[in-house]
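Only a predicted model underlies this, so the values are computations on that prediction, with no experimental measurement involved.
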Amino acid sequence: MRTRLLKGSTRSVFDAAALIRAGQVVAFPTETVYGLGANALDADAVARIFSAKERPADNPLIVHIAAVEEAFPLCHWTPDAQTLAQAFWPGPLTMLLKKKSIIPPITTAGLQTVAVRMPSHPLALALIKASGCPIAAPSANRSSRPSPTTAMHVLEDMSGRIPMILDGGPSSVGVESTVLDMSGDTPTIFRPGAVTCEQITMVLGECCVSDSVLRPVPATQNAPSPGMRHKHYAPKARMTLVKGDANRVAQYIASRYDRDENAAILAFEEHVPLYGARHTQSLGKDAMDAAHRLFYLLRGMDLGGITRIYAETLPENGLGLAVMNRMARAAGFDVVNADNEY
Ligand code: TXA
Ligand code: MG
């Protein structure tokens with residue numbers, strides 16, 4: 001199959017919507033990362049997403065809508081869901097709610113909850129409206145690869161596997177949406193994102209973060225969300241995160257780097273000079289920059305033949321929690337504290 005890469009326009013959205021209505025899969029931009037979309041209510045179309053992505057069948061998809069009312073036929077909507085939708089939609093918040101029977105089991109991997117989100121990217125909204133159906137879409141990477149934040153990333157992973165990619169420029173957020181479980185007693189974050197626990201607490205008065213966000217799910221335990229169990233965001237290189245006082249972190253990383261071949265360093269802008277002439281990529285000034293750049297940098301390191309990555313860390317609050325969650329998973333939870341190493 002030839003994959004067409006088209007700039008977002010009225011015409012290309014029209015063509016993409018025709019493919020979606022015909023049960024095909026189309027990649028499209030959202031403000032978080034690119035998605036791989038198909039009609040969420042058509043089991044055969046959704047099956048095509050799983051095969052293009054080589055995604056395990058036990059990992060459910062997010063259903064994207066273009067207006068709040070479109071959630072009502074899909075799930076058991078609640079007053080808290082309405083409050084959060086008013087505060088954060090369209091935007092990077094996904095809510096897990098009890099599903100209704102219109103959603104085929106394949107979309108939710110057999111679970112009784114469905115993930116719903118209204119993205120804010122104008123091309124995503126235009127595509128959903130033009131298709132006239134809710135669009136199931138995981139991130140448009142091959143399973144276990146870093147999520148795509150540009151149309152070129154999608155082409156790298158999906159060329160020959162899908163008929164069309166809509167190009168809407170680089171994703172503005174750069175990490176996937178916050179996944180918030182609304183089906184239990186206390187709203188619980190299963191995957192942190194740009195809508196933070198602090199913001200949700202301000203609106204609802206409560207919110208907690210699942211333990212599994214920064215720690216691997218023990219083999220003996222059920223994962224609250226199947227995605228927590230799967231290998232994710234992984235670059236080809238082995239990656240280690242180094243915490244602690246900035247100077248100690250730099251000393252530790254520099255000494256390890258010098259022993260490795262094809263190593264690279266991910267550091268915050270102000271620390272880059274501490275690494276001298278070593279191959280160092282800047283995560284930027286803050287969590288927002290790091291979220292925006294992380295997947296882009298990891299993919300670049302893969303292409304550059306890097307086999308060992310050392311990365312600085314950041315505080316695990318606000319958007320920092322989302323960045324740390326992606327970095328910890330990319331590193332297979334290999335985290336060292338430089339303050340304890342001397
Ligand atoms: O920003 C995003 O959320 C992007 C864009 C395209 O919208 N999508 C995305 O989808 O990241 P995906 O499939 O890569 O990640 C969805 C996550 C997975 O970890 C999945 O396990 C979890 O959400 N999830 C989906 N439905 C669920 C459910 N019913 N119960 C628990 N976890 C669920
Ligand atoms: Mg994904």
Side-chain angles (χ1 to χ4, degrees), residues 30-33 35 40-41 59-105 107-121 124-125 128-129 133-139 173 175-214 217 222-228 287 291 316-322 324-325:
T30 84
E31 71 281 17
T32 57
V33 301
L41 307 181
N59 200 1
L61 307 181
I62 296 174
V63 177
H64 298 71
I65 56 178
V68 175
E69 323 73 83
E70 292 171 13
F72 306 161
L74 308 177
C75 61
H76 295 277
W77 196 243
T78 64
D80 281 352
Q82 181 67 27
T83 305
L84 288 179
Q86 263 156 7
F88 301 113
W89 280 2
L93 175 69
T94 296
M95 293 193 257
L96 301 180
L97 290 150
K98 299 231 162 62
K99 83 185 263 292
K100 287 189 177 166
S101 59
I102 189 174
I103 309 262
T107 304
T108 62
L111 296 176
Q112 291 312 307
T113 52
V114 58
V116 280
R117 142 162 146 88
M118 179 171 155
S120 65
H121 196 295
L125 291 170
I128 300 164
K129 280 186 193 137
C133 61
I135 295 187
S139 49
V173 177
V175 292
E176 306 85 344
S177 63
T178 305
V179 174
L180 183 70
D181 180 28
M182 299 288 291
S183 69
D185 289 340
T186 309
T188 304
I189 293 183
F190 285 174
R191 180 178 72 182
V195 172
T196 65
C197 186
E198 294 84 345
Q199 288 176 305
I200 295 167
T201 305
M202 293 241 276
V203 173
L204 281 191
E206 58 175 357
C207 176
C208 66
V209 178
S210 166
D211 283 346
S212 309
V213 159
L214 291 175
V217 183
N222 271 337
S225 167
M228 290 171 172
E316 289 150 11
N317 52 38
L319 185 57
L321 183 67
M324 281 297 286
N325 165 262

Which residues pass the ring pair (Phe, Tyr, Trp, His ring centres under 6.0 Å) test with W89, sequence neighbours left out? W77
Quick one: closest heavy-atom pair of P60 and L111, and the distance? CG-CD1, 3.9 Å
Closest approach of D185 to E206 (non-hydrogen atoms, all atoms of both residues): O-OE2, 4.0 Å
Give a yes-or-no answer on whether the side chains of T32 and S177 include a donor-acceptor pair shorter than 3.5 Å. no
Has the side chain of E198 got a donor or acceptor atom that lies under 3.5 Å from a matching backbone atom of G318? yes
So, does S183 use its side chain to make a donor-acceptor pair with the main chain of D181 at under 3.5 Å? no
K98, NZ: over 12 other non-hydrogen atoms inside 6.0 angstrom: no
Between H76 and K99, what is the shortest heavy-atom contact and its length? CD2-O, 3.7 Å
Donor-acceptor contact below 3.5 Å, side chain S212 vs main chain V217: no
Should M228 and S210 be marked as a side-chain contact (heavy atoms from CB on, under 4.5 Å) after you check the CA-CA gap, both sets of side-chain angles, and the distance that decides it? CA-CA 10 Å; M228 290 171 172; S210 166; 3.7 Å; yes
Could you point out which residue of L180, T178, V203 forms a side chain to side chain contact (heavy atoms under 4.5 Å, CB included) with F88? V203
Grab the two heavy atoms, one from A136 and one from A40, that are nearest each other, plus how far apart they are. N-CB, 3.5 Å
Less than 4.5 Å apart, side chain to side chain, heavy atoms only: is that true for E70 and I128? yes
Determine whether a donor-acceptor pair (N or O, by modelled atom type, separation under 3.5 Å) exists between the side chain of N325 and the backbone of V213. yes
Might you point out which heavy atoms bring K129 and A66 nearest each other, and give the distance in Å? CG-CB, 3.8 Å
Just one of L61, T113, V63, I103 clears the side chain to side chain contact (heavy atoms under 4.5 Å, CB included) bar with T108, so which one? I103
